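Report on the following structure.
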Amino acid sequence: MDDVNIIIPWVLAALTAVLLFVLAKRAGRSPLAWAVYGLLFGLVGATIVFGVGQASSIPFSSGARTAELLRWTLLSIGVIGIITWLLSRSLRKP
């Protein structure tokens, strides 16, 4: 289970990087720079959410731990998605 806690933030970071790369490429901006910033932002954001989630709850069973992991993952996706959407407004056409 600890391996999953390590892998999920990297997957979310990679997805954020790909999304921002595509948006920047369509907008004619620097896609590599946006991808790097997206990777860093996604990794930091997901790691913070997972860290706070783990610090705030100590599940007693594997079922409870899996439910908490799903909750942290969905919360990470929400936080990263909303902030990425707001920060990438300049890449989208009005």
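Quick caveat: nothing in here was measured; it's all calculated off a predicted structure.
Here the CZ-CZ distance, from Arg71 to Phe50, works out to 11.5 Å after rounding to the nearest 0.5 Å. Here the CD1-CD1 distance, from Ile8 to Ile77, works out to 8.5 Å after rounding to the nearest 0.5 Å.
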Which side-chain N or O atoms in residues 30-48 pair as donor and acceptor under 3.5 Å with protein atoms at least two apart or in another chain?
| from | atom 1 | to | atom 2 | distance (Å) |
| --- | --- | --- | --- | --- |
| Thr47 | OG1 | Leu43 | O | 2.6 |

Could you pull out every donor-acceptor pair under 3.5 Å between side chains of residues 78-89 and any protein atom, sequence neighbours left out?
| from | atom 1 | to | atom 2 | distance (Å) |
| --- | --- | --- | --- | --- |
| Thr84 | OG1 | Ile80 | O | 2.6 |
| Ser88 | OG | Thr84 | O | 2.7 |
| Ser88 | OG | Arg92 | NH1 | 2.9 |

Verdict with supporting geometry, Leu91 and Arg29, side chain to side chain contact (heavy atoms under 4.5 Å, CB included): CA-CA 8 Å; Leu91 297 178; Arg29 304 280 176 89; 3.5 Å; yes
